[in-house]
A.B. asks: 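Please find one structure pasted underneath; my questions will follow.
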There are 4 protein chains.
Amino acid sequence: MSAVPQGVVDKREVILRAAGKVIAEKGYHATGIADIARELGAGHGTFYRYFKNKEDIARSLVVRALGQMQDAIADEDPQSSRSLGEYREQVRRIGNKLFDLVVAEPDLARVLFYDAAAIARTDPGVLGSAVENAGAYTAAFIRNGQTRGFVRRELDPQVVGLAVNGMILAGCAQLLHVRDAEEMRTSWIRTVETLMFDGLGGT
Amino acid sequence: MSAVPQGVVDKREVILRAAGKVIAEKGYHATGIADIARELGAGHGTFYRYFKNKEDIARSLVVRALGQMQDAIADEDPQSSRSLGEYREQVRRIGNKLFDLVVAEPDLARVLFYDAAAIARTDPGVLGSAVENAGAYTAAFIRNGQTRGFVRRELDPQVVGLAVNGMILAGCAQLLHVRDAEEMRTSWIRTVETLMFDGLGGT
Amino acid sequence: MSAVPQGVVDKREVILRAAGKVIAEKGYHATGIADIARELGAGHGTFYRYFKNKEDIARSLVVRALGQMQDAIADEDPQSSRSLGEYREQVRRIGNKLFDLVVAEPDLARVLFYDAAAIARTDPGVLGSAVENAGAYTAAFIRNGQTRGFVRRELDPQVVGLAVNGMILAGCAQLLHVRDAEEMRTSWIRTVETLMFDGLGGT
Amino acid sequence: MSAVPQGVVDKREVILRAAGKVIAEKGYHATGIADIARELGAGHGTFYRYFKNKEDIARSLVVRALGQMQDAIADEDPQSSRSLGEYREQVRRIGNKLFDLVVAEPDLARVLFYDAAAIARTDPGVLGSAVENAGAYTAAFIRNGQTRGFVRRELDPQVVGLAVNGMILAGCAQLLHVRDAEEMRTSWIRTVETLMFDGLGGT
DNA sequence: TATGAATGAGCGTTCATTCAT
DNA sequence: GATGAATGAACGCTCATTCAT
């Protein structure tokens, strides 16, 4: 019933996947066009029909990765929570979704954590704005909590956003070095949850 | 003629400084030996008398940077705090010391945040163990708190260590993009403190 | 269905025109098959049905251009002049015809003057023989004049042929850089005529 | 007695010679950096220490060639001749000097006649102005003759300049294809002389 | 010890040519 | 016949490294 023939996938996507795999393995600078060509089983020239140059492949890869992260949590509305409890639930859900993504697409995460910074030296805009956007996104949750009265008013939402994201990033990065991801998932999410909502101290 | 040469600083250190400056500006891969030579006012060959190769300079730079961070907080004993309040004081002091360091040596921080990951692709051990060490260091504070009874026992110290370090890293990275560092210092440290000890909720 | 297809022009000719236009603009080596394809509105492969390769198009272009020059003056019989005056008339007519051709088809001339030499590096025969032929053609006029007694006998007709052609070529090349071609025409033809028949000196 | 050590020649000059040889043989576009390197017995990189890029070598070659032509006839003052006879002498001398140059440095001439036009497509200024300069130089002789009254006043000096240069160029080009250069020299110079000063007709 | 000219492996990129559709 | 996506040989160029001075 579909007009789109099966088995025909976007060629750019196929190339991005191959490039993502090799770059995740060897790193952006150590990866040659020849490596990507070999991985894909195609000639060098084929890339240059779909990407302007090597940097373009890398940037597309980072943009795609950021997009997938955004998509993964797109259905969490920063303004939906009406209580600290509901926000806590959201944090738990978001944490799990990001875990799922990293587990499903480790290449993506590896490129993001190891190479994005280096790539960004050439084109600072891409990553810079992504970090800002992510910070603003988390900040929106905090601001909502402050408006509704269940989050401390003296905190600067933007700063909290960056700090929380820092914890999350550290978790995702760590995930790439762990054997049993599921084992880590629970303890990590509980830790973030506790830090955000309970503090270290107490009973 | 002097057995105690005055004004003779370690040549390695001088080269490291020059390299650090250029790499902080242009990024590791975009920096050529020629750039460092120009910065130092010396011939290319001079480097190869003090460093094995380009990668060696970079790695030494990262190691030195990590060392400086460690030195900055070396006098904070993970086992000294006897109460949550004392630990809170320690966290505040450590935060300020790291801020001081980043403000004093932004090149160092820039290399660490932008290039260390890329450099680590060639020699994963350096950075990997540093992250582990830093995590273990922070974890030691948590473990001390648990032993003394003022930190929740259900938390995994190692995970908390990584999460807290993630927040701190995010802060340092952000610091590099901010005009007025002092303005940011207070709000950032207060945020970390609040997250660690009070939680978002409350009055 | 018609045995005499109307409106069907030789496809080779159409391609040659397109190629001639682009090569005249950008030069042979800077022109890619893609440029010619774009100019023609056809796929790359189409060329390879009509021309063996890129060089073949270029050579055909040069051959065609030389042919057109030859055609333009084909009705001037080297043996028809019976006096210096008649020869002088012929020279004037030939000059005008070549001017007409260059004005009508500047692309052709541009290819000939700028690219033919470079193209000839691969296939020296084409242009070499053309130069020889042109020399021989002009020489035939001289030889006729010598036979009939109105041209100095001590001159080597072949050398005179090449020298005269050199003047004519210089004129055509110059024509491509001039705004008002008609203004140039008279003075150029008069100059060649004077040099050939009167010499610089005298009243 | 010389402060300049013997055997130490300008490296640029050495490279230009090697490049000139190879380019004269194979043509500019067919010549790779590798070919020049092989001819010189040096690495590729060496070129890039002395020339910005391939085009720079080519342009330098053309500029040098043009300079040598200019130098060869530099001591012929366009204003020195006081009579048609003296001018005729000058023309003969200039012709011989250019012949000498082409015979002594055929590579130089080959590059000029075969490749300069193609090179000029990228950088039209170099050759364009050279042609203009050469034309103006020859024109100065004509103008001098007109001022002194021994050259026809109705001729446009500039046009004559280009026409005469056209003859000379044709001669030099021809010289490259001839076995016995000396045999050609006399007949060529006499032909040009006759055309310029006597005309074809007459006894 | 210091130098920087020389090196050449290796890279990213282009583009004439092919051939399955 | 016409197409244009795919190809990969071949190119110009860079830059980390060496070594004669």
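Predicted, not measured: the structure shown is a model, and the values here were computed from it. Chain letters run A, B, ... following the sequence lines, proteins first, then strands; residues in each count from 1.
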A.B. asks: From CD of C/E55 over to P of E/dT17, roughly how many Å is that when rounded to an integer?
C.D. replies: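 It is 9 Å, rounded to the nearest whole Å.
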A.B. asks: Round to the nearest Å and state the distance from D/L40 atom CG to E/dA5 atom P.
C.D. replies: 17 Å
A.B. asks: Donor-acceptor check, side chain of D/R12 to backbone of D/Y50, threshold 3.5 angstrom: yes or no?
C.D. replies: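 Pair found, side chain donor or acceptor close to backbone of D/Y50.
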A.B. asks: Please determine, for E/dA20, whether a Watson-Crick or G-U wobble partner exists with both distances under 3.5 Å, and give it or none.
C.D. replies: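 When the pairing criteria are applied, F/dT3 turns out to be the nucleotide that pairs with E/dA20.
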A.B. asks: C/I23 has an atom CD1; how far is it from atom P of E/dA16, in whole Å?
C.D. replies: 10 Å
A.B. asks: Tabulate atom names and distances for all N/O pairs under 3.5 angstrom spanning the protein and nucleotides 6-8 of chain F.
C.D. replies:
unit_1, atom_1, unit_2, atom_2, d
F/dA6, OP1, A/K11, NZ, 2.5
F/dA6, OP2, A/Y50, OH, 2.5
F/dT7, OP2, A/G43, N, 3.3
F/dT7, OP2, A/T46, OG1, 2.5
F/dG8, N7, A/G45, N, 3.2
F/dG8, O6, A/G45, N, 3.4

A.B. asks: Which one is paired to F/dG12, where only Watson-Crick or G-U wobble pairs with both distances under 3.5 angstrom count?
C.D. replies: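 E/dC11 is the nucleotide pairing with F/dG12.
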A.B. asks: For C/D56 and E/dA16, give me the distance from atom CG to atom C1', rounded to whole Å.
C.D. replies: 13 Å
A.B. asks: I'd like to know if the side chain of A/R121 and the backbone of B/E25 have a donor-acceptor N/O pair within less than 3.5 Å.
C.D. replies: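 Indeed, once roles are kept as given, a pair shorter than 3.5 Å links the two residues.
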A.B. asks: Can you measure A/I33 atom CD1 to E/dT14 atom P for me and round it to whole angstrom units?
C.D. replies: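 About 11 Å, once rounded to whole Å.
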A.B. asks: Where the side chain of C/T46 meets the backbone of C/A42, is there a donor-acceptor pair that is under 3.5 Å apart?
C.D. replies: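 No; zero donor-acceptor contacts below 3.5 Å.
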A.B. asks: For A/H29 and for C/H29, locate the closest nucleotide of DNA chain E by heavy-atom distance; then report the residue assigned to the nucleotide nearer the 5' terminus.
C.D. replies: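 Final value for this comparison: A/H29.
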A.B. asks: Rounding to a whole Å, what distance do you find between A/D35:CG and E/dG12:C1'?
C.D. replies: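 Distance check: A/D35 CG to E/dG12 C1' gives 12 Å.
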A.B. asks: If you find the nucleotide of DNA chain F closest to D/G32 and the one closest to B/A30, which residue's nucleotide is nearer the 5' end?
C.D. replies: D/G32
A.B. asks: Can you tell me how far P of E/dA16 sits from OH of A/Y48, to the nearest Å?
C.D. replies: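 After rounding, the gap between these two atoms is 17 Å.
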A.B. asks: State which residue, out of D/K54, D/K26, D/K21, fulfils the salt bridge (Lys or Arg N to Asp or Glu O under 4.0 Å) condition with D/D35.
C.D. replies: D/K26
A.B. asks: Using atom CD1 of B/I36 as one end and atom P of E/dG4 as the other, report the distance to the nearest whole Å.
C.D. replies: 16 Å
A.B. asks: Would you mind telling me which residue lines up with the more 5' stretch of DNA chain F, B/A34 or D/T31, judged by nearest nucleotide?
C.D. replies: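 Counting from the 5' end, the first nearest nucleotide belongs to D/T31.
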A.B. asks: Looking at every heavy atom in both D/L108 and D/A65, which two are closest together, and how far apart are they?
C.D. replies: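 Shortest heavy-atom separation between D/L108 and D/A65 comes out as CG-CB, 3.6 Å.
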A.B. asks: Side chain of A/D123, backbone of A/A120: donor and acceptor closer than 3.5 Å?
C.D. replies: no
A.B. asks: Please give me the minimum heavy-atom distance between B/A58 and B/Y28, naming the atom from each residue.
C.D. replies: CB-CE1, 3.3 Å
A.B. asks: Pick the nucleotide of DNA chain E nearest each of C/K52 and A/Y28; which residue has the one closer to the 5' end?
C.D. replies: A/Y28
